[in-house]
Amino acid sequence: GAPVRSRMDENKPLKVRLTFSVILVGVSLLFAAVVTDHWAVLSPKVEGYNTTCEAAHFGLWRLCTKRIFMQEQGPKEKGCGPISLPGEHNCSYFKHFTPGQSSEIFEVTTQKEYSISAAAIAIFSVGFAIIGTICVLLSFRKKRDYLLKPASMFYTFAGLCIIISVEVMRQSVKRMIDSKETVWIEYSYSWSFACACASFVLLFICGIALLLIALPRFPQNPWETCMDAEPEH
């Protein structure tokens with residue numbers, strides 16, 4: 001059993017480093033999702049062409065509107081946009097984050113609750129990811145392998161938090177589209193939303209993988225267990 005064990009132990013640091021490098025990609029995607037404003041794109045109904053219409057895209061903190069000059073569209077498109085067209089751009093932080101700024105679209109109180117919840121849960125996610133990273137970096141020092149287990153749990157929690165945040169955001173968009181008080185009728189999810197989903201997949205799967213790597217290895221044959229067992233008193 002001894003040669004097998006030492007070979008397994010030699011592979012362990014390599015496995016940890018590989019998993020950690022994938023986790024860092026997940027953490028980067030998580031940061032990108034939290035700080036950017038392209039979670040969802042909303043557009044109102046377009047009545048006529050050769051007029052301007054106002055499309056919006058928003059993230060966890062800000063809502064940005066863009067006045068787009070509409071020309072003839074293809075038969076498939078009904079809304080205002082695409083948002084990549086040039087136009088006058090105006091971003092404002094949500095009113096509940098910056099007192100004194102008005103944002104009529106978010107007057108609906110439930111909307112405010114949704115976006116505060118999504119932002120708060122995302123902050124927890126970032127916090128867990130940072131603590132996990134500190135644990136892994138500390139574990140690279142000699143005899144600190146025990147830190148890998150809590151690190152793996154922190155990454156898994158970070159993944160779970162961001163996917164909950166994504167779901168809250170989805171409900172929020174649904175409420176905005178269904179609400180009679182908003183002008184938006186068309187919506188689509190954009191690249192920040194995709195970053196959040198991808199970071200969930202990477203953090204959750206790699207968090208569990210890291211836990212499996214960190215756990216002590218199970219014996220390959222029953223004799224190892226018998227040899228390692230404490231003699232009975």
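Only this structure's heavy atoms are used, side chains among them; waters, hydrogens and symmetry mates stay out. Remember, predicted model here, so these are calculated numbers, not experimental data.
Counting only heavy atoms from C-beta outward, the side chains of Lys149 and Leu215 approach each other to under 4.5 Å. Within the 4.5 Å cutoff, the side chain of Glu88 has no heavy atoms near those of the Thr65 side chain. Residues Thr133 and Tyr155 form a side-chain contact, since some pair of their non-hydrogen atoms from C-beta on lies under 4.5 Å apart. At least one side-chain heavy atom of His57 sits less than 4.5 Å from a side-chain heavy atom of His89. Taking 4.5 Å as the limit, every side-chain heavy atom of Phe58 sits out of range of all side-chain heavy atoms of Asp37. In this structure, Lys174 and Tyr114 have side chains that are not in contact, with every pair of non-hydrogen atoms separated by 4.5 Å or more. Contact annotation: the side chain of Phe154 approaches that of Cys135 to within less than 4.5 Å [non-hydrogen atoms, C-beta and beyond]. Counting heavy atoms from C-beta outward, Glu186 and Leu42 have side chains that stay 4.5 Å or more apart.
The line from CG of Leu148 to CG of Leu138 is 10.5 Å long, rounded to the nearest 0.5 Å. Distance check: Ser152 OG to Leu210 CG gives 5.0 Å after rounding to the nearest 0.5 Å. With rounding to the nearest 0.5 angstrom, the OH atom of Tyr187 is 12.0 Å from the OG atom of Ser43. Atom OG1 of Thr19 sits about 9.5 Å away from atom CG of Leu212, to the nearest 0.5 Å. The distance from the CD1 atom of Ile164 to the CE atom of Met169 is 15.0 Å, given to the nearest 0.5 Å.
Checked by atom type and distance alone, the side chain of Lys66 pairs as donor or acceptor with a backbone atom of Leu85 at under 3.5 Å. Within the 3.5 Å criterion, the main-chain N or O of Ala118 finds a donor-acceptor partner in the side chain of Ser165. Looking only at distances, no side-chain donor or acceptor of Trp61 sits under 3.5 Å from a matching main-chain atom of Ser92. In this structure a side-chain-to-backbone donor-acceptor pair under 3.5 Å is present from Ser117 to Glu113.
The hydrophobic cluster containing Ile177 also contains Trp39, counting ILVMFWY residues as joined when their side-chain heavy atoms lie under 4.5 angstrom apart, directly or transitively. At a threshold of 4.5 Å between side-chain heavy atoms, the hydrophobic network of Ile, Leu, Val, Met, Phe, Trp and Tyr places Ile123 and Leu30 in one connected group. Hydrophobic cluster membership differs between Phe204 and Leu202, with clusters built from Ile, Leu, Val, Met, Phe, Trp and Tyr side chains linked at under 4.5 angstrom. No path of Ile, Leu, Val, Met, Phe, Trp and Tyr side chains, each step under 4.5 Å between heavy atoms, connects Val22 with Leu14, placing them in separate hydrophobic clusters. Neither Phe193 nor Val35 shares a network with the other; the hydrophobic side chains, linked directly or stepwise wherever heavy atoms of I, L, V, M, F, W or Y lie under 4.5 Å apart, form separate groups for each.
Stacking of Arg17 on the aromatic ring of Phe140 is recorded, both the 6.0 Å distance cut-off and the 45° axial limit being met.
Within a 6.0 Å radius of OH in Tyr189, more than 12 heavy atoms belonging to other residues, nucleotides or ligands are found. The neighbour count for Phe157 CZ, taken as heavy atoms of other residues, nucleotides or ligands under 6.0 Å away, does not exceed 12. Counted within 6.0 Å of CD on Glu167, heavy atoms from surrounding residues, nucleotides or ligands total more than 12; the atom is thus considered enclosed.
Contacts of Thr36 classified as side-chain hydrogen bond (donor to acceptor under 3.5 Å, both in side chains), with partners at least two apart in sequence or in another chain: Ser192.
Put simply, the residue from Val27, Val34, Leu29 that forms a side-chain contact (heavy atoms from CB on, under 4.5 Å) with Phe31 is Val27.
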Practice problem: Tell me, with the steps shown, if Thr156 and Leu203 meet side chain to side chain contact (heavy atoms under 4.5 Å, CB included). | Solution: CA-CA 6 Å; Thr156 311; Leu203 289 172; over 6 Å; no

